[in-house]
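Written out below as structure tokens is the structure these notes cover.
Counting begins at 1 with the first residue of the sequence.
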Amino acid sequence: MSVLVVTGTGTGVGKTVVTAAIAALARGAGRRVAVLKPAQTGVAHDAPGDVEEIVRLAGEVTTRELRRYPEPLPPHAAARRSGIAPVGPAEAAAAATRLADTHDLVLIDGTGGLLLRFTPDGATLADVAWALGAPVLLVAGAGGTGTVDATALTAEVATTRGLHVIGVVIGSWPSPAGVVARSGLRDVPVAAGAPLLGVLPAGMGRLSRAGFLQEARRGLSPWFDGDFDADCFEKETFGE
């Protein structure tokens, strides 16, 4: 794996924290890591965005942000209102390819969901993944009917478009975990049609860099150089 597209089933599911956690573990394993943010929305030009947050949590990784739009809107709408050019899939794919030439792992941190439009003609993050032939990681919330539905829809769209969903990570696991979260632990991977590759605790982004790395290792699977075991986590959660 040299390029991985990270997308969420919606906003606020912990996608950027998951991207940072993957970057932190890869960096800790001695890999050269780059993070590409095709479109940053809802952040002023002089304020820190998602890539700055990833560096704060994961350490010194290469970052590149192609566009920044100040209004918290879908990228195509934010581009239209700001007068700043939209980001097309060819530009994003080319940037990822250049980064992959000099890095062992390139993480593409999407904006919103897989089909949120980047351009007026409907180009999306799915088109970027397809152009690169890159696998997709889904980041989902901790259960609930909306989350399960959004996970199923995202996975189905990805598969229909010829993309490979490698797995799903629950990006913000509550403590204590109520019935909704516990049910989602089983339902979300089924909806995704892909394995559960991690569960990260809520509030993890507030940890120190050392604490963040420790939780990343605990919460992500060996696929990402972590120690997470889905079967063991499920048994502990349900007291089995």
Side-chain angles (χ1 to χ4, degrees), residues 1-23 33-43 49-51 53-54 63-69 71-80 82 84-100 103 105-141 147 149-169 171 191-194 197:
M1 175 189 63
S2 59
V3 180
L4 176 65
V5 174
V6 184
T7 189
T9 57
T11 58
V13 295
K15 175 179 55 57
T16 297
V17 167
V18 170
T19 302
I22 295 170
V33 182
V35 177
L36 173 66
K37 184 78 175 182
Q40 172 73 69
T41 64
V43 178
D50 290 345
V51 294
E53 178 69 358
I54 289 168
T63 62
R64 185 166 181 203
E65 180 186 278
L66 299 183
R67 299 285 195 284
R68 177 173 292 205
Y69 308 109
E71 293 185 301
L73 299 170
H76 81 285
R80 181 184 65 237
S82 68
I84 301 170
V87 181
E91 180 183 358
T97 299
R98 287 192 295 271
L99 289 169
H103 294 81
L105 174 63
V106 178
L107 300 169
I108 300 180
D109 184 25
T111 301
L114 190 64
L115 293 187
L116 204 61
R117 285 194 294 163
F118 280 13
T119 64
D121 62 356
T124 68
L125 185 65
D127 296 304
V128 179
W130 186 87
L132 291 164
V136 175
L137 176 70
L138 301 186
V139 180
T147 291
D149 184 56
T151 302
L153 289 170
T154 302
E156 183 171 332
V157 164
T159 302
T160 299
R161 292 185 175 222
L163 305 178
H164 174 49
V165 177
I166 62 166
V168 59
V169 172
L197 295 181

Determine whether a donor-acceptor pair (N or O, by modelled atom type, separation under 3.5 Å) exists between the side chain of [X] and the backbone of [Y].
{"X": "Arg67", "Y": "Ala85", "answer": "yes"}
{"X": "Lys15", "Y": "Gly110", "answer": "yes"}
{"X": "Thr111", "Y": "Ala39", "answer": "yes"}
{"X": "Gln40", "Y": "Asp50", "answer": "yes"}
{"X": "Thr154", "Y": "Thr151", "answer": "no"}

Minimum-distance pair of heavy atoms, taken over all atoms of [X] and [Y]:
{"X": "Leu99", "Y": "His103", "result": "O-ND1, 2.9 Å"}
{"X": "Thr11", "Y": "Gly112", "result": "CG2-CA, 4.4 Å"}
{"X": "Thr41", "Y": "Ala78", "result": "CG2-CB, 4.3 Å"}
{"X": "Val5", "Y": "Ala134", "result": "CG2-CB, 4.0 Å"}
{"X": "Val165", "Y": "Ala158", "result": "CG2-CB, 3.7 Å"}
{"X": "Thr147", "Y": "Ala140", "result": "CG2-CB, 4.2 Å"}

Minimum side-chain heavy-atom gap [X]-[Y] below 4.5 Å:
{"X": "Pro86", "Y": "Pro75", "result": "no"}
{"X": "Thr124", "Y": "Phe118", "result": "no"}
{"X": "Leu115", "Y": "Val157", "result": "yes"}
{"X": "Thr119", "Y": "Val87", "result": "no"}
{"X": "Leu137", "Y": "Leu197", "result": "yes"}
{"X": "Leu116", "Y": "Pro74", "result": "yes"}
{"X": "Thr7", "Y": "Val139", "result": "no"}
{"X": "Ile22", "Y": "Leu105", "result": "yes"}

With rounding to the nearest 0.5 Å, note down the distance linking [atom1] in [X] to [atom2] in [Y].
{"X": "Asp109", "Y": "Glu65", "atom1": "CG", "atom2": "CD", "answer": "10.0 Å"}
{"X": "Thr16", "Y": "Leu107", "atom1": "OG1", "atom2": "CG", "answer": "11.5 Å"}
{"X": "Ile108", "Y": "Leu4", "atom1": "CD1", "atom2": "CG", "answer": "8.5 Å"}
{"X": "Leu138", "Y": "Ile166", "atom1": "CG", "atom2": "CD1", "answer": "9.0 Å"}

| said: Taking Glu156 first and then Arg161, would you say they form a salt bridge - that is, a charged N and a carboxylate O separated by under 4.0 Å? | reply: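 A salt bridge is absent here (no side-chain N lies under 4.0 Å from a carboxylate O).
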| Criterion side chain to side chain contact (heavy atoms under 4.5 Å, CB included) on Arg68 and Val43, from CA distance to verdict | CA-CA 7 Å; Arg68 177 173 292 205; Val43 178; 3.4 Å; yes
| What residues, two or more places apart in sequence or in another chain, satisfy side chain to side chain contact (heavy atoms under 4.5 Å, CB included) together with Ala95? |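 Ala95 satisfies side chain to side chain contact (heavy atoms under 4.5 Å, CB included) with Leu36, Arg64, Leu66, Arg98 only.
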